[in-house]
Amino acid sequence: MSLFRLEGVARSVRLPDDSRLDILAGVDLAVDAGEHVSIVGRSGSGKTTLLNLLGLLDEPTAGEIVWDGRPLSALSSRDRDRARGRDIGFVFQQFNLLSGRSALENTIVPLLYAGTDRFWKRRSIATAMLERVGLGERLASTPEHLSGGEQQRVAIARALVRGPKLILADEPTGALDVETGARVMRLLDDVSRATGAALITITHDPAIAALADRCYRLDAGRLAPERSGAAA
């Protein structure tokens, strides 16, 4: 069974003049646990809107999203919030780390809202995840004293620390040089596969997209297969 499915999903918004802007139209996509899927597209193609739907931040105007076997339309807003906080990890281009807080403190943040057991073990869990991404000796370093690649690895550790079922990476290498970006993507791919999490990469970079098992192109709100991704 797929971790999630989009079935004929459309998203539109009303403009101030009461006209309708169609952003996504008839999107179909199914992703399994442990699978890496990339989505490429130009600015304005609807990538951010699609990311918000995948992250349970928005609801489709038409069609259905089935999340972990349950239709999104059958979930309350509280259930969606819980599923997003528990099961979805976000990795952003701009890292979004807390200034003045250490790598360990940044990684701990998602665990502040976890269950009792994980809350009380938050320091050891976060430390283990930072060690896993190669930052075991940088626990006390603040973002101001970390390189771009190190900051992105902290962001990855933060996204993975709660053991999500789905990782959404939005232009995760856009702020990095080519070599550092390639290392970060290998790390993200390796860790997600080791944990069994599905990985969705939103990117404009064909080289990054080619690392995925499957690649799709989003153009004018429509999603279509682009090419076969790199073999696992």
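Each residue takes its place number in the sequence, starting with 1.
- Within the 4.5 Å cutoff, side-chain heavy atoms of Leu6 are placed close to those of Leu54.
- Not counting sequence neighbours, Arg14 has no partner by the side-chain hydrogen bond (donor to acceptor under 3.5 Å, both in side chains) test.
- The shortest non-hydrogen separation linking Ser38 to Ala209 is OG-O, 3.0 Å.
- Side chain of Gln152 to main chain of Thr173: no donor-acceptor pair is present (N/O by atom type, distance under 3.5 Å, no hydrogens or angles).
- One hydrophobic cluster holds both Phe119 and Leu160 under the rule that ILVMFWY side chains link at heavy-atom gaps under 4.5 Å.
- Between Arg158 and Leu97, the shortest heavy-atom distance links the atoms NH1-CD2, 3.6 Å.
- Formation of a donor-acceptor pair under 3.5 Å by the Lys47 side chain with backbone atoms of Arg42 is found in this model.
- Ion pairing of Arg193 with Asp213 is present here, as a side-chain N (NZ or NE/NH1/NH2) and a carboxylate O approach within less than 4.0 Å.
- Closest non-hydrogen pair, Pro60 versus Leu72, comes out as CD-CD2, 4.3 Å.
- Between the side chains of Ser19 and Asp17, at least one donor N or O lies within less than 3.5 Å of an accepting N or O.
- A salt bridge is defined here as a Lys NZ or Arg NE, NH1 or NH2 lying under 4.0 Å from an Asp or Glu carboxylate O, and Arg70 with Asp68 fails to meet this definition.
- For the pair Glu131 and Gly136, the tightest heavy-atom approach, listed with the atom from each and the gap, is CG-CA, 3.7 Å.
- Taking all atoms of both residues into account, the shortest heavy-atom contact from Leu56 to Arg80 is CD1-O, 4.1 Å.
- Counted within 6.0 Å of CD on Glu137, heavy atoms from surrounding residues, nucleotides or ligands total 12 or fewer; the atom is thus considered open.
- A salt bridge is defined here as a Lys NZ or Arg NE, NH1 or NH2 lying under 4.0 Å from an Asp or Glu carboxylate O, and Lys121 with Asp117 meets this definition.
- With sequence neighbours excluded, no residue forms a side-chain hydrogen bond (donor to acceptor under 3.5 Å, both in side chains) with Asp18.
- Side chain of Gln151 to main chain of Leu146: a donor-acceptor pair is present (N/O by atom type, distance under 3.5 Å, no hydrogens or angles).
- Among all heavy-atom pairs drawn from Leu3 and Ala33, the shortest one is CB-N, 4.1 Å.
- Atom OH of Tyr113 sits in a sparse spot, with 12 or fewer heavy atoms from other residues, nucleotides or ligands closer than 6.0 Å.
- With hydrogens and angles disregarded, a donor-acceptor distance shorter than 3.5 Å links the side chain of Arg138 to the backbone of His145.
- Between Arg84 and Asp81, at least one side-chain N (NZ, or NE/NH1/NH2) sits under 4.0 Å from a carboxylate O, which counts as a salt bridge.
- Tested against Val154 for a side chain to side chain contact (heavy atoms under 4.5 Å, CB included), the candidates Leu139, Asn106, Val133 yield a single pass: Asn106.
- One N or O on the side chain of Arg11 and one on the backbone of Glu59 form a donor-acceptor pair closer than 3.5 Å.
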